[in-house]
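Computed from heavy atoms alone, side chains included, the values below leave out hydrogens, waters and symmetry copies.
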Amino acid sequence: MLKPLLEVPADDHAHTYHQLGYLAAYDAVLNSEYAFLVYKEIDRDSNAWRMKIKSTHTEGATFEPAAVETKAREAGAKGKPYVRWGFYCEPTMSDPRQIEYRLHQEQGKPTAIELFVRLRTYEHQADTPQSLRFPWPTGKQAAS
């Protein structure tokens, strides 16, 4: 089995880290493997936590609970099922790639984060989309 392109940081004196998911996608035009890693970072002293996405080819993202709750309320008030978070790549006529980090909500409360990726085939066409979706932690599980 091949070693993943990204790994969760090692626990240190300040933080612990828990991997939530990993997605690898191939862009045939660039002949390159994209990798995305989703993990939870927990502060040892305060037990405060955040969810993060690392990527080999794009900027990552940090999902801070207070900011996520605010954006979920705003999306709910506008009737949107999700909002893009941080980095995104929209498809164009000349480049069909699409990469989005999404925050899903129901009734103004965060329900999930999703990593949505569509890269390109050798013919420069949009490939089949790939997606990872994780429930937004609530209650007691939020700190673990």
Indicate the atoms forming the closest heavy-atom contact of [X] with [Y], along with that distance.
X    : Y   : value
D43  : D45 : OD2-N, 3.0 Å
W49  : P65 : O-CD, 3.2 Å
D11  : R44 : CB-NH2, 3.5 Å
Q130 : A25 : OE1-CB, 3.2 Å
Y22  : A35 : OH-CB, 3.3 Å
L132 : G21 : CD1-C, 4.2 Å

Task: Nonpolar side-chain network containing Y122, other nodes, edges under 4.5 Å - done: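 Its cluster partners, ordered by chain and number, are Y26.
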TODO: Name all pairs fulfilling the salt bridge (charged side-chain N to carboxylate O under 4.0 Å, His left out) condition that reach into residues 48-58, sequence neighbours left out, sorted by first residue then second.
DONE: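 Checked against salt bridge (charged side-chain N to carboxylate O under 4.0 Å, His left out) - neighbours excluded - the pairs reaching residues 48-58 are E41-R50, E41-K52, R50-E64.
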Open item on the list: For T128, give me all partners under side-chain hydrogen bond (donor to acceptor under 3.5 Å, both in side chains), at least two apart in sequence or on another chain.
Closed with: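 Here no residue qualifies.
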What distance do [X] atom [atom1] and [Y] atom [atom2] have between them, rounded to the nearest 0.5 Å?
X    : Y   : atom1 : atom2 : answer
D27  : I99 : CG    : CD1   : 8.5 Å
L115 : S55 : CG    : OG    : 8.0 Å
T92  : Q98 : OG1   : CD    : 11.0 Å
I113 : F63 : CD1   : CZ    : 4.5 Å
E33  : L5  : CD    : CG    : 6.0 Å

Salt bridge (charged side-chain N to carboxylate O under 4.0 Å, His left out) partners of [X], counting only residues at least two apart:
X    : value
D95  : R97, R120
E74  : K71
E69  : none
D127 : none

Residues that [X] engages under side-chain contact (heavy atoms from CB on, under 4.5 Å), provided they are two or more places apart:
X    : result
P9   : Y17, Y39
Q125 : T121, E123
A126 : P96, R118
E114 : R102, H104, F116, S131, R133

TODO: Compare all side-chain heavy atoms of L119 with those of Y34 and state whether any distance is below 4.5 angstrom.
DONE: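 Yes, close enough: below the 4.5 Å cut-off.
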Open item on the list: Side chains of Q19 and L37, heavy atoms from C-beta outward: is any pair under 4.5 Å?
Closed with: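 Yes, side chains in contact.
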- [ ] Find out if a path of hydrophobic residues (ILVMFWY) with successive side-chain heavy-atom gaps under 4.5 Å connects V8 to L20.
- [x]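 The answer is no; the residues belong to distinct hydrophobic clusters.
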TODO: Carefully, step by step, assess F134 and V38 under the rule side-chain contact (heavy atoms from CB on, under 4.5 Å).
DONE: CA-CA 9 Å; F134 302 92; V38 182; 3.7 Å; yes
Task: Other residues, nucleotides, ligands: >12 heavy atoms within 6.0 Å of E59 CD - done: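 No, the 6.0 Å shell around CD holds no more than 12 heavy atoms from other groups.
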Donor-acceptor pairs are to be reported for all side-chain atoms of residues 78-89 against protein atoms at under 3.5 Å, with residues two or more places apart or in another chain.
residue: R84; atom: NH1; partner: E90; partner atom: OE2; Å: 2.7
residue: R84; atom: NH2; partner: E90; partner atom: OE2; Å: 3.2
residue: W85; atom: NE1; partner: T62; partner atom: O; Å: 2.8

- [ ] Please report the C-alpha distance between K109 and W136 in whole Å, then the side-chain angles of each, then the deciding distance to 0.1 Å, and finally whether the side-chain contact (heavy atoms from CB on, under 4.5 Å) criterion is met.
- [x] CA-CA 9 Å; K109 297 193 183 306; W136 184 253; over 6 Å; no
